[in-house]
Amino acid sequence: MEAAQGSPVSALSQQRRLRVISGHLQAGAAPGISLNECKAPAAPSSAAPSIPKKRQEALKWNGWGYNDSKFTFNKKGQAEFTGKRYKLSGMVLPALREWMEKTFGASLDQKTTSRASLNVSDAPPALVNEGFLQDVKAIGISYSQDAEDRIFRAHGHCLHEIFTLREGMFKRIPDIVVWPTCHEDVVKIVDLSCKHDVCLIPFGGGTSVSNALECPEDERRVIVSLDTSQMSRILWIDEKNLTAHIEAGITGQDLERQLGESGYCTGHEPDSMEFSTLGGWVATRASGMKKNIYGNIEDLVVHIKMVTPKGIIKKSCQGPRMSTGPDIHHFIMGSEGTLGVVTEVTIKIRPVPEYQKYGSVVFPNFERGVACLREVARQRCAPASIRLMDNAQFQFGHALKPQVASIFTSFLDGLKKFYITKFKGFDPNQLCVATLLFEGDREKVLQHEKQVYDIAAKFGGLAAGEDNGQRGYMLTFVIAYLRDLGMDYYVIGESFETSVPWDRVLDLCRNVKERIVRECKERGVQFPPLSTCRVTQTYDAGACVYFYFAFNYRGLSDPVHVYEEIEFAAREEILANGGSLSHHHGVGKLRKQWLKDSISDVGLGMLRSVKNFVDPNNTFGNRNLL
Amino acid sequence: MAASMGSVYSQKEFRSKKREVFEDILEERRQSSDLRYAMKCYTPVIYRNLTPCTPSGLKTSVLQSLELQYVIRQISSESGESCESIQEQAAEILDEMGHNLRMGAIRLFAMSLSKIFKRLFQKVCVNEEGIQRLTQAIQEHPVVLLPSHRSYIDFLMMSYVLYSYDLALPVIAAGMDFMGMKIVGELLRMSGAFYMRRSFRGNQLYWAVFAEYVKTLIRNGYAPVEFFVEGQRSRTCKTLSPKFGLLNIAMEPFFKGEVFDTYIVPISINYERVLEESLYAYELLGVPKPKESTSGLIKARRILNENFGSIHIYFGQPISLRSLASGIINRTQYNLKPRHLPQRPPEDVQSFVRDVAYQVELNQIANMVLSPGVLVATILLQNLPGMDFNVLVEKTLWLKDLIEAFGGFLEWPDNLSASRVVRSSIDLHSNIFTLVDGHVTLLEHKHTGLLTEEIVFEQAVSLLMCAFYRNQMINVCVRPALVVLACEMVQSSIKEEIFRSFSFLRSVFSKEFIFFPGSEDKDFDEGCFMLTKCDIIHTTPSEIMITDKGTIAAFFLSKMFQPFLEGYKLAYTYLVGEVTNAFTEKQYISGVRSFISRLIVSGTSKCYEALSSDMQKNILSSFVQLGVLKRMKSVSEATFCLEKKMVKETAEKLGLQMFTEKLPSARL
């Protein structure tokens, strides 16, 4: 996401690297971690990962993102975003409080009491497989049995996981964490795991929202968390073919930054790209914001190397397309850690675009907006990103407007509002906004922009400026930070997504939102929930729809359970309305129960037989998917 | 509200909520100006997601819908006709059909209906709570109103009531025959009615236009859609077996996810005296009804001088289609085909629609308000040609208790003495009852001399009119009564045998009365429960016995259903004895009618009700279902023939002594 903002990354890289390095020093000092270098080519200078090996040094133990970045209410009761990492950092957001109070019935006086620090003492004791431990030591791979390390790798970012961190403790967490530093290390670890019958769970960026990282409670074997974070080098760049060969543990931000140093990018920007890793993207069939130009992960990947209990799976060449039976990459992409560890990926790269421009269009209502997006998709002229937010999300975005610097800007804002609502007659409670991101040659961008705005005008859309557009994209990366703020004030929520044919988009959006409202009411939620969506990707034959759902849980005895029931109902509604089980979040354990209906018995059987062949002893035992 | 155990059927739901307060909407009309009422500020509550559109906008969106366009293209490619000309035809159909809601027409209507209703009826009573529930429902989701259908007054009354309560006027699917009426037809259209041809089987375009029109109305939440599950006015006042076509269409937008939910509102409209009562009787006896015409209506204004008692309208609990379908209908089955392609409803949907239709009718029945006249008619039918007034009063009180125990919804004026109540009922129905010297008789039935066909016909008319009122409560009694009949027929007290006989009777009468499909056990248990509650039978786990105390009630119930049993037996006798070749429905009805009429003239039978074409049509389809008759489709009309191998078995079950080969026609 940061790269999309275009500015803060490089400005802060120096500072961050320092922190990263200091983190390394400490990690090195920890007992049980030995230094071990692979004999791979030396990495470029800026290769140190942004996220330290000891994640706790930079990341929150009980929420999203960096320790230093969070929403708080200052003494005046105004919301503020701390830290220096983001564009919003250090800014005051005067409208946020009122929005929270109005939307959720939340109040600053009603604060939850979460525990103050990670509950290390309650962590389940580590099971030990002596043979495995000895062998790991013998081959000199870095490992840790420290409770904090283990807890940090026991979860993703589902609501109940964060809730558990804040209020309790997981029943089962990894028993040991290992840090391979290269493909060969992984091969050794997988061999040892098979030999000693332990359960191996690959860990990348830990941003899963599908329960994929949750350790099966009844797993009796030692659970080994294989953290790929130390495999983060770009091994080579092939400028002739525009590909790069990269280790799978690299995070999105490091990948884009390092490629950027050579003037390239992958253009793959999922909202979690600061933390999520290349290997994770491959394993979950990720999708990026700018897929209209660069494609989703399945379009980007040229070659994958994965270590399985049966050996290494890879292709013999890097031909751009092959007719060699079903594409084995498609067994790997979306396998969610059930078959092996993705270690190295060859991925397409592009020259960094010359010019980037945000934009936005206001529509009188959601229906017109969807019709416009459909037309854009029909004409296949979608910009790098085009997203349509519904009215509630538009208002949500507005709540994140920073304090205006001058009276003049505030006057301008007022004028704009007057023009749209009074002069153009848009109903402020109906209008919705599409945010746009154009990328490419300056000239082409301007041309493209005109084309899109012309289409929008046919659907009653009014251009609404770059600012609104940019703020729209900001929403997607601060939303996870905002959830943490909400949790301090009895508001819990999450996002979920689906993909759906064009003709059903409107019906699905309406019905799912309505279902959420209704389910909340039926389950005794005292305040109307936030139930909002945006059409976040367009395709030839349909769109990806992204929902935010949050509610004030004051007065509920088991809010997480209520939340899960409602989310379940919402997913049922999605499926009943022709939506898919997931567009890019994956199945994990959260949506397993629907997979059979989604892909048929035979389909599931095919997947199962692959699993049985590749991993007959269920070494990769995270029990996702199947 | 939720459907329990995968079934739509839940008895409890429509038996509760009794005794709601009714309000007489005419009372206010009698005290203030009708003109001012008609000109009142009318701002109905509307569906919250309504996208406003005009009737013509509605027509355009129907014509341009993918659904209709698809069908037009298909017809064009099959017939070779150009798309444009088919499109034009579609537009014509839509014009013929489409409603044209005009405020002016509504106001004119409101005023004239006020005047007419005040003259015709003493009261028009509406349950206020139901109106409140409906008001709420209309705002939340699209609403389908499903009133019972006893009279043309039904839909005038519905619109009138909704107007009175400031609710959105319904768009009504009404029969085409009404459209033939000059001015009035047009006026009705302006007040919201749209028309469907009675029969458009085989007309693909008509069907497509019609279905799309209804679905568009529901998708937009334009206005409540109103139609009759029974399909037509019940000429016998018994609830007719439901029709599923329209209901199917109305539910489709929900199944396909085009609306979040749809409310189904069963409405029971009950007339103390129905305007068309004699027309119906003639029609049932084969004298065709006069075609609706405006001049006919003006001629009929003499009825304005008559008293038609009160009307009770009960707005039932709106039923959420979503709750009903939850766990039963898997909506993902619509995912793999474009939604605009016409497709036959999948099997589970068909049976769901059927179940909902039956539940709606059972709902209507349970909330139907019964007037004392119904009791009087029932008693008198068992005491032909007449009886002592005081005995009648006594019997009526007795029956009142019984019917209430069975869950009947009686409107009994508490402030009057029983004899006054009975007396005023007799006065109200003075066209069929007379009270002379403390003796009540059914008109035309005092005849003593020789019977002729003409006299039989006259008698049948008044008897059918009398039976019409009995029929209002026949569905309330049918379960306990069939248990009693079954007890009598098996002449044993073994529960299992009685149940078997009950099930047989239930299937024989499945077209005659309303039973929820496949709920034999439940119906039997319910019948037994009611009888036990009233001390009519005594049950042990394996036995059922009629108590000494209960003989009178048991006899009464059995006698109440005798005409049906006998009618079916007579028809059977006729079929087995007199018919040799395949026959059409028409041939059958006239044949069996003259057969029975001969039997009555000769004094062998008194089963006037079997002369009714309604019963004979039911018999045909029931016998087809039982396998006694085989229905064969031919080019013009369906024909029937007897299935020889089923004859003996069914006869025994029906309680007919079977007979070797040919049956003497007069033996029963």
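Quick caveat, the model's predicted, so the values are computed rather than measured.
With B:Arg48 contributing its side chain and B:Glu140 its backbone, the two residues share a donor-acceptor pair below 3.5 Å. In this structure, the side chain of A:Asn624 engages the main chain of A:Ala212 through a donor-acceptor pair within 3.5 Å.
At a 4.5 Å heavy-atom cutoff, the contact between B:Asp261 and chain A is made by side-chain atoms alone. At a 4.5 Å heavy-atom cutoff, the contact between A:Arg504 and chain B is made by backbone and side-chain atoms alike.
Salt bridge annotation for B:Arg219-B:Glu67: present, with a cationic side-chain nitrogen under 4.0 angstrom from a carboxylate oxygen.
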**Request:** Show your working on side chain to side chain donor-acceptor pair (under 3.5 Å) between A:Tyr548 and A:Gln393 and close with a plain yes or no.
**Result:** CA-CA 9 Å; A:Tyr548 290 139; A:Gln393 209 164 120; 4.9 Å; no
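Looking only at heavy-atom pairs under 4.5 Å with chain B, the residue among A:Glu367, A:Arg510, A:Glu514, A:Glu573 that has the most is A:Glu514.
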